[in-house]
Amino acid sequence: MNVDLYEKIWIWAAVGIIVVFLASIGATFLGQAIQPPSHVETIDPETVRSDPEFSQPGVTIHSDGSATVVVQAFMFAFLPQEIRVPRGEPVTFRMTSPDVIHGFQIVRTNGNTMVVPGYVSQFTTRFSQAGEYLIVCNEYCGLGHHVMSARLIVEDMPGTAGAAGGGER
Ligand code: CUA
């Protein structure tokens, strides 16, 4: 079979582009721990505010030092407004919305997900640097979208990895 030279060039160019795309997925997964959301759990949006879990948003620190953060994202705020989590421990965020689609992005970290009514969004991450982080909604959700934000405070807590490893203070 005779394949024209230009045809060959474009075939290999197409193959090369696919290789670059797959490699970039691998690099962001391995290097930055960025991965597509994989958690599927449904919830009736009408019951979010009376749900035993989501009507009590907040942080729970477990006996192994890890933490679970339950968040309500709604027009136009997050509850809780201030989230304190331990440094160096796995932190699992569980979020849902009683109204429309919101975003939950912890700026300067790999924590980022959509919050879709009807579903519980969940991801687990670790914060190695103590400090204050800004959480923003990154899905346009209405007139107050630009004021929808919260604060995340990562700190060394007694009995967690951060406290054991820290010599400072
Ligand atoms: Cu919530 Cu934009």
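Counting convention: from 1, in listed order, for ligands and their atoms alike.
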S.K.: Over 60° means perpendicular and under 30° means parallel, so tell me whether Phe123 and Phe104 are parallel, tilted or perpendicular.
M.R.: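 Answer is tilted, since the angle falls between 30° and 60°.
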
S.K.: Would you tabulate the side-chain donor-acceptor contacts of residues 5-22 under 3.5 Å, counting partners in other chains and residues two or more places apart, or write 'none'?
M.R.:
none

S.K.: How many angstroms lie between OG1 in Thr109 and CD in Gln129, if you round to the nearest 0.5 Å?
M.R.: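 Between atom OG1 of Thr109 and atom CD of Gln129 there are 11.0 Å.
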
S.K.: Taking 2.8 Å as the distance threshold, tell me the number of protein N/O/S atoms next to atom 1 (Cu) of ligand 1.
M.R.: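 Under the 2.8 Å cut-off, the count stands at 4.
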
S.K.: Looking at Met75, is its backbone amide N or carbonyl O close enough to the side chain of Asp99 to form a donor-acceptor pair, meaning the two atoms are under 3.5 Å apart?
M.R.: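 Checking the backbone N and O of Met75 against the side chain of Asp99, a donor-acceptor pair under 3.5 Å is found.
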
S.K.: Any non-hydrogen side-chain atom of His145 less than 4.5 Å from a side-chain atom of Leu143?
M.R.: no

S.K.: Let me know which of Val115, Val70, Leu152 forms a side-chain contact (heavy atoms from CB on, under 4.5 Å) with Phe93.
M.R.: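 Of all the options given, the one that passes is Leu152.
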
